[in-house]
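All heavy atoms count here, side chains included; hydrogens, waters and symmetry mates do not. Being a predicted model, the structure only gives us computed values, none of them experimental.
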Amino acid sequence: MNEAEFLAALRTLPLHPAARGLHDDTALLDITGPIVLTTDTLVEGVHFLPADPAEDVAWKLVATNLSDLAAKGAAPVGIMLNYPLAGDGGWDRGFLAGLEEILDRFGCPLIGGDTTALPAGAPRVLSVTAIGSDAPAPPRSGARDGDALWVAGPIGDAGAGLAIARGAPGPAALLAAYRRPMPLLAEGRRLGPQVHAMMDVSDGLLIDASRMASASGIAVTIDLATVPLSAVYRAHVGADRRARLAAATAGDDYALLFAASPGLRPAVPATRIGHFSAGVGLTLLDGGEAVPLPARLGFEHSA
């Protein structure tokens with residue numbers, strides 16, 4: 001596909017009125033009240049595998065952004081897409097099919113974006129900016145001394161799915177958790193007004209909980225024995241300490257991690273996994289027994 005053909009295909013997708021039919025270099029949004037903005041970039045070989053289907057890459061690209069909106073309790077308004085053409089029309093068509101699927105699934109139309117061309121052999125770099133509205137927007141820095149730490153959604157499925165995507169045997173449900181994460185938008189909308197702090201689990205439960213505690217200026221304790229594992233993860237990987245540590249340090253879960261008053265009853269199904277207290281750092285337990293911190297708490301970018 002060339003740029004004109006790709007834009008023509010984009011015009012068949014769900015478009016926001018602000019997109020003006022994708023015939024302009026700008027979009028004109030009319031939104032009352034505060035808006036939430038987030039952007040995520042997926043790099044081939046870093047965030048997705050070269051062999052991952054283009055349809056799934058499109059889904060994941062949008063889903064990671066919608067998950068950030070979910071963590072602020074926001075309603076999606078639309079997305080802006082930056083897309084590199086790499087001279088592979090089949091991949092482009094697959095990407096467009098996956099993009100249409102997730103935009104339809106979550107009622108999140110395309111507003112605009114940009115296209116460019118990649119040099120031959122260069123890894124794909126794709127980015128989306130998502131816009132949300134009507135959000136209570138709890139910050140990750142709002143956890144308080146004495147708050148309980150909760151998580152909505154299972155932990156570890158995507159990490160196990162990545163191993164399957166790399167060639168290990170395993171169930172399709174875990175592979176789907178890695179390739180097609182589900183942003184918890186409805187859950188975020190219900191939790192937003194209840195909680196003191198919230199973020200999504202993108203880089204790993206332990207590292208993201210540590211980031212919430214650090215941003216809030218307090219310490220956090222997590223009990224591995226309480227970390228929620230799906231039935232399919234338990235059957236495939238196990239539920240012992242090794243399996244729970246693997247789950248808690250894997251990324252791409254896109255569960256919702258939140259801090260709330262200890263007496264709160266969350267508005268959605270969730271699991272209490274720890275608490276915040278005065279101090280600094282992360283303390284790890286397993287059924288009340290102190291556990292040394294692993295060398296790696298989760299995923300971190302490095303040059």
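Trp59 and Glu101 make their closest contact through CZ3-CG, 4.0 Å (heavy atoms, listed as atom of the first residue, atom of the second, distance). The two atoms that bring Gly161 and Leu175 nearest to each other are O-CD1, 3.8 Å, heavy atoms only. Between Asp200 and Ser67, the shortest heavy-atom contact is OD2-OG, 2.7 Å. Ile164 approaches Pro169 most closely through the heavy-atom pair CG1-O, 3.9 Å. The two residues Ala219 and Ala278 make their nearest non-hydrogen contact at CB-O, 4.1 Å. Closest approach of Pro269 and Ala152 over heavy atoms only: O-CB, 3.7 Å.
Panel note: side chain Arg20, backbone Ala27; no donor-acceptor pair is recorded below 3.5 Å. Without hydrogens or angle criteria, Lys72 side chain to Pro138 main chain gives a donor-acceptor distance under 3.5 Å. Between the Glu5 side chain and the Asn2 main chain, a donor and an acceptor come within less than 3.5 Å of each other.
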*side-chain contact (heavy atoms from CB on, under 4.5 Å) evaluation trace for Arg144 with Ser216*: CA-CA 7 Å; Arg144 304 171 187 175; Ser216 301; over 6 Å; no
_Under the criterion side-chain contact (heavy atoms from CB on, under 4.5 Å), I'd like the reasoning laid out for Leu99 against Glu55: C-alpha separation, chi angles, the key distance, then a yes or no._
CA-CA 7 Å; Leu99 181 63; Glu55 294 88 341; over 6 Å; no
_Audit row: Arg179, Asp52, salt bridge (charged side-chain N to carboxylate O under 4.0 Å, His left out) steps and yes/no_ = CA-CA 8 Å; Arg179 286 181 169 168; Asp52 285 343; 3.1 Å; yes
*Run the side-chain contact (heavy atoms from CB on, under 4.5 Å) check on Tyr178 and Leu174 step by step: do they pass?*
CA-CA 7 Å; Tyr178 160 68; Leu174 294 179; over 6 Å; no
*Arg124 and Phe48: CA distance, side-chain angles, deciding distance, side-chain contact (heavy atoms from CB on, under 4.5 Å) verdict*: CA-CA 10 Å; Arg124 289 181 173 88; Phe48 66 94; 4.2 Å; yes
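Residues Leu191 and Pro266 meet the side-chain proximity criterion, which asks for heavy atoms closer than 4.5 Å. Side chains of Pro183 and Leu69 form no contact here, defined as non-hydrogen atoms less than 4.5 Å apart. Looking at heavy atoms from C-beta onward, Leu285 lies out of side-chain contact with Val291 at the 4.5 angstrom threshold. Using a 4.5 Å cut-off on side-chain heavy atoms (C-beta onward), Asp253 and Pro154 make no contact. Side-chain contact between Ile222 and Leu206: present, with at least one pair of heavy atoms (C-beta onward) separated by less than 4.5 Å. With contacts defined as side-chain heavy-atom distances shorter than 4.5 Å, the pair Leu110/Leu103 qualifies. Looking at His47 and Lys60, their side chains never come closer than 4.5 Å, going by heavy atoms from C-beta outward. Counting heavy atoms from C-beta on, the side chains of Val77 and Leu29 come closer than 4.5 Å.
In this structure, Asp208 does not pair ionically with Arg140, as no charged nitrogen and carboxylate oxygen lie closer than 4.0 Å. A salt bridge links Glu289 with Arg241; the closest basic N to acidic carboxylate O contact falls under 4.0 Å.
Other residues, nucleotides and ligands contribute only 12 or fewer heavy atoms inside 6.0 Å of the CZ atom of Arg190.
Note on ring orientation: taking the six-membered ring where Trp is involved, the planes of Phe6 and Phe95 are tilted (angle from 30° to 60°).
Atom OH of residue Tyr254 and atom CZ of residue Arg180 lie 15.0 Å apart, to the nearest 0.5 angstrom. Here the CG-OG1 distance, from Asn82 to Thr39, works out to 7.5 Å after rounding to the nearest 0.5 Å. Separating the CH2 atom in Trp91 from the CG atom in Leu85 is a distance of 10.5 Å, to the nearest 0.5 Å. Atom-to-atom distance recorded for Asp252:CG and Ser202:OG is 8.0 Å, nearest 0.5 angstrom. Atom CG in Leu264 sits 4.5 Å away from atom CD in Gln194 (nearest 0.5 Å). The CG atom of Asp286 sits 7.5 Å away from atom CG of Leu245, with the distance rounded to the nearest 0.5 Å.
In the hydrophobic clustering of this structure, Val62 groups with Leu22; members are Ile, Leu, Val, Met, Phe, Trp, Tyr whose side-chain heavy atoms approach within less than 4.5 Å, directly or through other members. Val268 and Val151 fall into different hydrophobic clusters, defined by Ile, Leu, Val, Met, Phe, Trp and Tyr side-chain heavy atoms under 4.5 Å apart, directly or through other members. Phe299 and Leu61 fall into different hydrophobic clusters, where Ile, Leu, Val, Met, Phe, Trp and Tyr side chains are chained together by heavy-atom contacts under 4.5 Å. By the criterion of side-chain heavy atoms lying less than 4.5 angstrom apart, applied directly or through intervening Ile, Leu, Val, Met, Phe, Trp or Tyr residues, Val36 is not grouped with Met198; the two fall into different hydrophobic clusters. Residues Met80 and Leu96 do not share a hydrophobic cluster, defined by chaining ILVMFWY side chains whose heavy atoms lie under 4.5 Å apart.
The one candidate from Asp147, Ile273, Leu149 that meets the side-chain contact (heavy atoms from CB on, under 4.5 Å) condition with Val220 is Leu149.
A donor and an acceptor atom, one from each side chain of Asp157 and Ser230, are located under 3.5 Å apart.
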